[in-house]
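First up is the structure itself, then whatever we jot down about it.
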Amino acid sequence: MSIKENLQHIQSTLPEHVTLVAVSKTKPVSDILEAYQAGQRIFGENKIQEMVEKHEQLPKDIKWHMIGHVQRNKVKYMAAFVDLIHGVDNEKLLLEINKQAKKHNRIIGCLLQIKIADEDTKFGMTEQEAIQILQSDTFAKLQNINLLGVMGMATFTENESQIKTEFSQLKTIFNTLGALPETNSQFKVISMGMSGDYALAIHCGSTMVRIGSTIFGARNY
Ligand SMILES: *Cc1c(COP(=O)(O)O)cnc(C)c1O
């Protein structure tokens, strides 16, 4: 099936409250344009350099989401245009995003990445660390970031019940953080679910799915 057909199929299965991030990492600009022409406007990349290059070549009404691990010293390259950063996993990074956003007179959306997977390789913070950040004096002063929710990645496993447990855990943490006075009414996003597990993620409360290979085909690294 074509990219357009894949997109239409996925969109037809998504509930209205779920936002689709088309994950275009490693894929050429021509593929992104095809998805753009089919109406898709939100694209996710996991490398800043690659996202910057694609941003330069593509229509400016695209919303670019950084879904990968972010190194603090590279925030400056995307601060002028990035719409939402999913992988915020420490306070220093949040401070740097705020600083760079301020230089551009922008407010950048951020999600706190929570570690739900039972794997050492996945980044993210614990619920306690997230609460600490939210309740810190520093956080209260950040005027150029908007904390919109949480992001998580389940363990890479065939075991559906484990994935379900992990997604449910993220939903619970989201509820806890959302109930704190430090989060505002825009704290609404639960970014979880990829090609292999997005239906389950939506069942567990996801409001934003990040889908790559089901739209663009398998990636060649
Ligand atoms: C690559 C990637 C995805 C998309 O994965 P698919 O299995 O191709 O849908 C989603 N989230 C993150 C963080 C990724 O790096």
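The first residue in the sequence is number 1, and the count goes up from there. Small disclaimer: the values here were computed from a predicted structure and weren't measured. Order of listing sets the numbers, starting from 1, for every ligand and every atom in it.
Salt-bridge check for Lys4 with Glu34: failed, with every basic side-chain N at 4.0 Å or more from each acidic carboxylate O.
Using a 4.0 Å cut-off between heavy atoms, Arg219 contacts ligand 1 through its side chain alone, with no backbone atom that close.
Between Phe43 and Tyr36, the ring center distance fails the sub-6.0 Å criterion.
Counting only distance, with no hydrogens or angles, the side chain of Ser195 and the backbone of Thr214 share a donor-acceptor pair below 3.5 Å. A distance-only check finds no donor-acceptor pair linking the side chain of Glu50 to the backbone of Glu45 [under 3.5 Å].
For ligand 1, none of its N or O atoms has an N or O atom of Gly196 under 3.5 Å away. Checking only distances, Ser195 does come within under 3.5 Å of ligand 1, N or O to N or O.
Under the 3.5 Å distance criterion, with hydrogens and angles disregarded, a donor-acceptor pair is assigned to the side chains of Asn146 and Gln186. Between the side chains of His86 and Ser191, a donor-acceptor pair is found at a separation under 3.5 Å.
Each of the following atoms of ligand 1 lies closer than 4.0 Å to a heavy atom of Gly212: 4 (C), 6 (P), 8 (O), 9 (O). Residue Lys25 has at least one heavy-atom neighbour below 4.0 Å for each of these atoms of ligand 1: 1 (C), 2 (C), 3 (C), 14 (C), 15 (O). Numbered from 1 in the order shown, with element, the atoms of ligand 1 that lie under 4.0 Å from a heavy atom of Ile211 read 9 (O). Every atom of ligand 1 is numbered from 1 in the order shown, and the set under 4.0 Å from a heavy atom of Met153 is 13 (C). Close contacts between ligand 1 and Ile67 involve ligand atoms 2 (C), 11 (N), 12 (C), 13 (C), 14 (C), 15 (O) [criterion: under 4.0 Å to a heavy atom]. Each of the following atoms of ligand 1 lies closer than 4.0 Å to a heavy atom of Arg210: 4 (C), 9 (O), 10 (C), 11 (N), 12 (C), 13 (C).
Exactly one of Lys164, Glu160, Glu166, Glu158 qualifies for a side-chain hydrogen bond (donor to acceptor under 3.5 Å, both in side chains) with Gln162. That residue is Glu166.
For atom 5 (O) of ligand 1, the nearest protein heavy atom (residue, atom name, distance) is Met194 CE, 3.6 Å.
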